[in-house]
Amino acid sequence: MSRVYNFSAGPATLPDTVLAQIRSEIPDWKKTGMSIMEVSHRSNEFMMVLEKTAQDLRDLLQIPEDYSILFAQGGATLQFSMVPLNLAKEGEVADYALTGSWSRKAIAEAAKYCDVNVVADSSDRNFTYVPEEATWKRNKKAAYLHYCANETIAGVEFPFIPDSGETPLVSDMSSTILSRPVEIRRFGVIYAGAQKNIGPAGLALIIVRKNLIGKSSSRVPNLLDYSVYEKTDSMSNTPPVFSLYVAGLVFEYLKDLGGLEVMGNKNRRKAEKLYKAIDRSSFYSNPVEENCRSWTNVPFVLHDCSLDEYFIDAAARNGLVNLRGHRSVGGMRASIYNAMPESGVDVLISFMQEFERTYG
Ligand SMILES: *Cc1c(COP(=O)(O)O)cnc(C)c1O
């Protein structure tokens, strides 16, 4: 079967050129006579990959020198635990914004260790908006302030970076990292699982201001301790070599395309087109407040939900797959990360218009 347009929220589509490069390099990587999955992670060849991957990420996001880049396993979910374990003391207060399913999970995990103060909560309107920052009820003693920059499930994205003052700001950027430039200096910690906008699952990135590392209790296990990752260049044990290798190829690809300004313009265009098509019709709708609609995850519902299955089947027959919305939201969701070409969005919009003509 030929390639489809894959609108999955994650694991998500990867660039064709990256897949082609992987395919060509698999049997004999860098003239080692082995694949990347078979070489020693302590070999010079692999160490160079790791170093270049971190440097390319630093270049792309313009990460200042006083921030470390750490690579871990356990996805973004493990960071729900590592953030409190590294930034707070047991029982200390941590501020969290509750704006959707992912921040809810982060809160539940932090609450095992910290005293979580929920500064804002948008569950009253089904997580379709971001509460205005002026209404947030912050705790002055909080060890940090955590928010999820883009709630992947409901398609809600913060239209602002919270002003946390002296309190370290922590953000789950799993579904928007690298979708456009971001001002790293505003943050204490940024983390992201790889399988949305970076590469294969099994890898999480943590960008952390160096002066926040080394504060965890001595009882925190090594593999949950940022300082261990920092000291060992994320190689305290065998890292996920294949995921790191592919992430490195994706970073090279993004640099070749012109970096995050270029990606940002492209992503804005893709999202604007799709929302415009949804708003123009009375057949489709998106429930999210306009100022916080996600650039990367676009949920939409059909005016008659009994047509959902027809829509999903017909779309798949046209090479447009994984459009089913998250089970907690229903309807459809088109995830249009960096690797989704603009042509994929164009084909989706044409398909939606054709479907509306037939069933509307
Ligand atoms: C997917 C996702 C997660 C969970 O990621 P895992 O890598 O599966 O742990 C957490 N936060 C956000 C915003 C996500 O999109």
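Counting starts at 1 for both ligands and their atoms, following the listed order.
- Hydrophobic cluster membership is shared by Ile153 and Ile107, with clusters built from Ile, Leu, Val, Met, Phe, Trp and Tyr side chains linked at under 4.5 angstrom.
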Output, or 'none' if empty, a list of ligand 1-protein atom pairs in which both atoms are N or O and the distance is under 3.5 Å, rounded to 0.1 Å.
residue	atom	partner	partner atom	Å
ligand 1	7 (O)	Ala76	N	3.1
ligand 1	7 (O)	Gln195	NE2	2.9
ligand 1	8 (O)	Gln195	NE2	3.3
ligand 1	9 (O)	Ala76	N	3.2
ligand 1	9 (O)	Thr77	N	2.8
ligand 1	9 (O)	Thr77	OG1	2.5
ligand 1	11 (N)	Asp172	OD2	2.6
ligand 1	15 (O)	Thr152	OG1	2.4
ligand 1	15 (O)	Lys196	NZ	2.6

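- Applying the side-chain contact (heavy atoms from CB on, under 4.5 Å) rule to Arg324 yields the partners Glu309, Ile312; only residues at least two apart in sequence or on another chain are considered.
- When atom types are taken as modelled, the side chain of Asn338 and the backbone of Leu178 share a donor-acceptor pair closer than 3.5 angstrom.
- When every heavy atom of Met340 is checked against every heavy atom of Ser335, the shortest pair comes out as CE-O, 4.4 Å.
- Using modelled atom types, no side-chain atom of Thr167 and backbone atom of Leu145 make a donor-acceptor pair closer than 3.5 Å.
- At least one donor-acceptor pair closer than 3.5 Å links the side chain of Tyr337 to the backbone N or O of Ala9.
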